[in-house]
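Reviewing the structure listed below.
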Amino acid sequence: MSDMKLGRPTVKVCLLLSAVLGAMATLYYVFEQKRTVPVPTLAYKWECLDILRRTERMHPLLVEDHLKYAQPSITNGRQDIVAVTPWLAPIVWEGTFDSSLMDSIYKPQNITISTTVFAVGKYIRFLRDFLVTAEQHFFVGYRVNYYVFTDKPEDVPTVSMANDRKLNVVLVPSSKRWQEISARRMKLIQTLIEEKLLNNVDYIFCLDVDSKFHGHWGAETLGHLVAVIHPGYYSGDRSLFTYERRSTSRAFIAEGEGDFYYCGGAFGGSLKGVHTLASTCQDNFEADAAVGIEAAWQEESHLNRYMWINKPTKVLSPEYLWQDFKSKTPELKIIRFSGVVKNYAEIRPNA
Ligand code: UD2
């Protein structure tokens, strides 16, 4: 009897303990399963895609045998510009590449290039000229998919396009603040890549719509992470660059830091390069918003911060984004893409 009386609490404790242990074992099993079973995450998909690409393209700079072109030199070339960054990325200027040689490398690779362009509110009026001139100069002879983000799909113009080039319209909400339109571009680019482009596109360029092409823009611009030098800030001291200067922002670049001032109006790269850029900028933008900060130049500030840490593998000179109101400078042998003159007070939803 006394044994039984003494045993009851012990039995209860034992039962409780085994229940707790059982629950812990089940939880551990569930978590382990989650940790070890490879769910097809985005990172996993990228990995598969990378392996595929690497196998397919063992020789990315392959040219056909006996191709004839001008002899390259390492001592004779343009003296008025710098054609390489201190981290040895090319800076693309007229006279630093042979366009037909570039085409003979990249055309056989059968690549697809996607281009995003935002035409929200009154900016829809710039779309026709953007597309017409892109058909004349932008990756002519390559497969190009344009993605137009607009709140006015009915106003998207019909522009005749070469075979293998397509226009896709993505509906986005209107906005009362231009800052918001600019800021949400990264999120939309990130989503587009994840949902539509993952398996069928090689490179992507994100361009401002209030611009026109005036000259060749082609395979010389391809790279993993491609930045364009802002036309307003390419010759000045970096203390004058309009980086985000508040240390509380994730876009912060301190005095004495920064390489160049890159523009938000044109950037690009491989699908993976641009996806990582867009998602990082978006995360940082949201982290800023959570503490009530909007970086000085929205996504352009975050892009500059990103490119400071993640150096671009190719830098495009201001030939690739000039501004019509600026007069041509001597080093500019050609203007390839340029922003049109516009009346901000009239065109933006808020001036
Ligand atoms: C500069 C940048 C731009 C962006 C902006 C700051 C360059 C040369 N320009 O251009 O990339 O960083 O400053 O936000 O790098 N948009 C619309 N609807 C609107 C307003 C803007 O669709 O109501 C889109 C459109 O694609 C336009 C782009 O946003 O091209 C930037 O337009 P912006 O006029 O605000 O910028 P801008 O020309 O001052």
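All ligand and atom numbering here is 1-based and tracks the order in the structure. Values in this document were obtained by computation on a predicted structure and should not be read as measured data.
Ser182 and Glu299 are linked by a side-chain donor-acceptor pair at a separation below 3.5 angstrom, with hydrogens and angles left out of the test. A donor atom on one side chain and an acceptor atom on the other are not found under 3.5 Å apart for Tyr123 and Asp208.
Residue contacts with ligand 1 for Lys122 are absent, since no atom lies close enough (heavy atoms, distance under 4.0 Å). The part of Tyr123 lying near ligand 1 is the side chain, judged by heavy-atom distances below 4.0 Å. Within the 4.0 Å heavy-atom criterion, neither part of Phe126 lies near ligand 1. When non-hydrogen atoms are compared, ligand 1 lies under 4.0 Å from the backbone of Cys263 as well as from its side chain. Contacts with ligand 1 closer than 4.0 Å are made by side-chain heavy atoms of Gln298 only, the backbone lying farther away. Of the heavy atoms in Pro231, none comes closer than 4.0 Å to ligand 1. Counting heavy atoms closer than 4.0 Å to ligand 1, residue Leu321 contributes side-chain atoms (C-beta onward) but none from N, CA, C or O. Residue contacts with ligand 1, taken as heavy atom pairs separated by less than 4.0 Å, involve Val120 via backbone and side-chain atoms alike.
Residue contact check: Lys342 has heavy atoms under 4.0 Å from atoms 34 (O), 37 (P), 38 (O) of ligand 1. Near Ala119, meaning under 4.0 Å from any of its heavy atoms, are these atoms of ligand 1: 22 (O). Shown in contact with Ser182 at under 4.0 Å from a heavy atom are these atoms of ligand 1, numbered in order with element: 6 (C), 14 (O). Taking every non-hydrogen atom of Asp210 and a distance limit under 4.0 Å, the qualifying atoms of ligand 1 come out as 27 (C), 30 (O), 38 (O).
Assignment of Arg185 to the shell around ligand 1 is supported, since a heavy atom sits closer than 4.0 Å. Taking a 4.0 Å cut-off on heavy atoms, Gly121 fails to register as neighbouring ligand 1. Ligand 1 lies within reach of Tyr344, whose nearest heavy atom is under 4.0 Å from it. Heavy atoms of Gly339 stay at 4.0 angstrom or farther from ligand 1.
By the definition of a contact as any protein heavy atom under 4.0 Å away, atom 5 (C) of ligand 1 is not in contact.
A salt bridge links Arg165 with Glu135: the closest approach of a Lys/Arg side-chain nitrogen to an acidic carboxylate oxygen falls below 4.0 angstrom. The pair Glu180-Arg348 does not count as a salt bridge, with every side-chain nitrogen at least 4.0 angstrom from each carboxylate oxygen. Using a 4.0 Å cut-off between charged nitrogen and carboxylate oxygen, Glu255 and Arg245 count as a salt-bridge pair.
Around NZ of Lys326, the count of heavy atoms belonging to other residues, nucleotides or ligands within 6.0 Å exceeds 12. Enclosure of atom NZ in Lys314 by more than 12 non-hydrogen atoms of other residues, nucleotides or ligands within 6.0 angstrom is indicated. For Lys328, the NZ atom counts as densely surrounded, since its 6.0 Å shell holds more than 12 non-hydrogen atoms of other residues, nucleotides or ligands. By the 6.0 Å contact criterion, NZ on Lys196 is open, its count of non-hydrogen atoms from other residues, nucleotides or ligands being 12 or less. Within a 6.0 Å sphere centred on CH2 of Trp322, other residues, nucleotides and ligands contribute more than 12 heavy atoms.
Any N or O atom pair closer than 3.5 Å counts here, and Trp178 shares no such pair with ligand 1. Note: no N/O pair closer than 3.5 Å links Trp297 and ligand 1 by distance alone. Distances between N or O atoms of Ile181 and those of ligand 1 include no value under 3.5 Å.
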List the steps, then state whether salt bridge (charged side-chain N to carboxylate O under 4.0 Å, His left out) holds for Lys311 with Asp259. CA-CA 9 Å; Lys311 304 293 191 206; Asp259 300 303; 2.7 Å; yes
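Classified by interplanar angle (parallel below 30°, tilted 30° to 60°, perpendicular above 60°), the ring pair Trp87/Phe260 is tilted. Ring pair Phe241/Tyr233 is perpendicular by interplanar angle, where above 60° counts as perpendicular and below 30° as parallel.
No close placement of the Tyr243 and Phe252 rings is indicated, their centers lying 6.0 Å or farther apart.
Residue, atom and distance of the protein heavy atom nearest to atom 1 (C) of ligand 1 are Glu300 OE2, 4.4 Å. Annotation: atom 11 (O) of ligand 1 to nearest protein heavy atom, Gly265 N, 2.8 Å. Here the heavy atom of the protein found nearest to atom 36 (O) of ligand 1 is Arg348 NH2, 3.7 Å. With hydrogens left out, the protein atom closest to atom 10 (O) of ligand 1 is Asp208 OD2, 3.9 Å, a heavy atom.
Across Tyr262, Phe118, Phe149, heavy-atom proximity to atom 25 (C) of ligand 1 is greatest for Phe118.
Screening Phe337, Phe267, Trp93, Trp217 for a ring pair (Phe, Tyr, Trp, His ring centres under 6.0 Å) with Tyr320, the sole residue that qualifies is Trp217.
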